[in-house]
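Since the structure comes first, as structure tokens, the remarks are kept for the end.
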Amino acid sequence: MRTNFFFGVMLILLVGCKENKKENTIERNMEQGYYSEQYRPQFHFSPGANWMNDPNGLVYHDGVYHLFYQYYPEDTVWGPMHWGHAVSKDLVHWEHKPIALYPDGHGLIFSGSAVVDKHNTSGFATNGETPLVAIFTYHDMDGEKAGRTDFQTQGIAYSLDNGETWTKYEGNPVIGNEGIKDFRDPKVFWHEASQKWILTLVAGDHAQFYTSPNLKDWALLGEFGQGQGAHGGVWECPDLFPLTVEGSDETKWVLIISINPGAPNGGSGTQYFVGNFDGKTFTTEQTEPKWLDYGTDNYAGVTYNNIPNGDRIFIGWMSNWDYARDTPTEKWRSSMTVPRKLALKKIGSDYFLTNFPIDGIDGLASSGLSKAWEVGPKETTSRTIEGLNQSMVQLRTASKDFSATFQNALGETLVLTMDSENNQFLVDRRKSGKVDFQKGFGNKIHWAPTEMLEGETFDMKILLDRSSVEIFINGGLLVMTEQIFPNEPFNTLTVENRDSKSSLTIDSVKKMESVW
Ligand code: FRU
């Protein structure tokens with residue numbers, strides 16, 4: 001009896017174990033399969049499959065952050081554009097949604113924005129709902145092929161169920177084209193002072209501002225930009241918003257303009273202007289171009305509408321038109337930057353736009369991968385740190401001259417150099433792994449000026465994901481974002497401090513949790 005009982009219990013335990021093991025294996029397989037391809041970003045947004053470029057329609061409504069994006073669902077290279085869609089409750093973890101907008105008879109769906117029409121100015125709501133309205137560019141391929149210049153127009157679509165389903169407006173397009181070849185990327189916001197909607201779009205080498213009472217009828221107000229700022233390429237993806245200058249009650253308006261080509265390190269980049277908006281047009285006293293990010297991989301970025309606490313949060317496309325189509329990923333192509341909070345700083349009489357990861361990103365930095373350590377004057381130290389390829393590194397120093405090198409077992413390196421004696425910060429990805437898929441990717445060291453980094457010390461936050469690095473210096477006064485494709489994960493950090501007086505402290509190296 002007893003023996004039978006014993007065997008019975010053993011059998012149950014064994015079967016149970018096996019079942020458990022089976023379940024665990026299934027779970028593990030799912031974990032391993034999902035978002036675990038080589039180079040798949042672990043804490044950045046990327047589409048499950050196929051091609052993505054610009055973020056679109058960034059809007060918060062009813063507990064949900066929406067992220068729409070330029071999407072071609074049939075291939076890993078650019079093609080007829082749709083609006084892909086994802087949602088998040090914290091801007092960190094994302095849930096994929098069905099495609100929101102498909103091309104139609106007016107054309108492909110290029111970049112644009114979305115607003116919450118709280119007062120139902122559009123009249124789209126008939127049962128007390130709050131409409132979300134998307135405003136985007138229609139790109140008529142046939143018109144372009146036929147050599148016409150009026151093939152880009154602006155259209156709108158609305159959703160009465162917080163972005164789940166969308167209906168195009170039957171009166172599209174809402175802004176026609178009188179013969180401007182590059183006429184696109186409308187960004188709309190509600191302007192309290194005039195109690196109207198304001199739309200900014202780009203028209204070749206300048207921006208135009210429109211007003212509307214209802215999102216359907218638009219009138220041109222003013223223009224900005226000819227002869228101002230950088231003009232090495234066509235202007236794209238504008239964004240206009242007010243910000244309070246830190247530590248004061250002064251409000252300035254910021255105009256973000258993406259430009260391709262013509263960025264400081266080649267290809268695509270994002271410049272900004274700080275000035276005033278009088279309800280009709282934007283003006284600035286700024287004479288020199290200013291860049292939101294000196295790295296090569298932050299393009300077409302725009303900010304969220306309707307964030308409850310008034311924060312201004314920015315997401316950019318982490319790529320560059322010079323080589324976006326050629327990067328060595330197979331299933332999907334491209335990802336977004338981490339969401340960044342924008343702020344305005346006044347230094348002397350000059351205004352600077354800073355961008356810095358939102359707190360939620362810090363929340364992913366869990367366990368420490370290494371203890372803090374100090375590198376004395378003229379010292380070099382090296383640490384092997386497993387997991388470095390998905391980490392947040394924070395350091396601070398009064399050293400004026402140092403470098404941090406990320407390296408793998410194959411000897412591939414990513415070298416960050418502070419050379420403030422010569423007023424420059426450098427990112428060298430020339431030997432960072434796969435670089436020769438396109439000649440513009442690994443052909444030179446990337447540079448940023450350091451003059452704006454006033455003060456005696458530097459603090460640096462470095463976010464390293466499987467195929468990117470984002471470097472934020474002094475709270476985001478100087479930022480560089482770059483893609484990298486090492487053949488093996490980086491697992492060694494070497495810090496060389498060339499300064500003869502000051503030491504450097506690596507405060508922490510923390511593992512970043514995967515959000516997928
Ligand atoms: C910017 C851009 C936009 C355009 C979209 C097309 O990267 O060229 O100007 O609307 O991409 O996908």
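Treat the numbers as computed from the prediction; the structure is a model and nothing was measured. Just so you know, residue 1 is the first one in the sequence shown, and it goes up from there. Each ligand, and each atom within it, is numbered from 1 in the order the structure gives.
For the pair Lys345 and Tyr351, the minimum side-chain heavy-atom distance is 4.5 Å or more.
The side-chain contact (heavy atoms from CB on, under 4.5 Å) test with Pro41 singles out one residue from Trp516, Tyr35, Trp332, and that residue is Trp332. Each of His66, Glu164, His85 was compared with Lys97 under the side chain to side chain donor-acceptor pair (under 3.5 Å) criterion, and only Glu164 meets it. With Asp239 as reference, Thr303 is the one residue of Thr270, Thr303, Asn305 to meet the side chain to side chain donor-acceptor pair (under 3.5 Å) rule.
A tilted orientation is assigned to the rings of Phe45 and Tyr69, their planes being inclined by 30° to 60°.
Counting the atoms of ligand 1 from 1 in the order shown, those under 4.0 Å from a heavy atom of Met81 are 12 (O). Each of the atoms 1 (C), 7 (O) of ligand 1 lies under 4.0 Å from some heavy atom of Trp321. For ligand 1, the atoms closer than 4.0 angstrom to any heavy atom of Arg184 are 3 (C), 4 (C), 9 (O), 10 (O). Near Tyr299, the atoms of ligand 1 lying under 4.0 angstrom from a non-hydrogen atom of the residue are 1 (C), 7 (O).
Annotation: Ser111 places an N or O atom under 3.5 Å from an N or O atom of ligand 1; distance criterion only.
For Lys252 and Phe277, the positive end is not near the middle of the six-membered ring at less than 6.0 Å and at most 45° from its axis.
For atom 4 (C) of ligand 1, the closest non-hydrogen atom of the protein is Asp185 OD1, 3.6 Å. With respect to atom 6 (C) of ligand 1, the closest heavy atom belonging to the protein is Gln70 OE1, 3.2 Å. Summary of contacts: the protein heavy atom closest to atom 1 (C) of ligand 1 is Asp54 OD2, 2.9 Å. Considering only non-hydrogen protein atoms, atom 8 (O) of ligand 1 sits nearest to Glu236 OE2, 2.9 Å.
Under 4.0 angstrom from ligand 1, the non-hydrogen atoms of Asn53 all belong to its side chain.
For the pair Thr137 and ligand 1, no heavy-atom separation below 4.0 Å is found.
A side-chain donor from one of Asp293 and Thr481 sits under 3.5 Å from a side-chain acceptor of the other.
By the 4.0 Å N-to-carboxylate-O rule, Glu470 lies too far from Lys461 to be salt-bridged with it.
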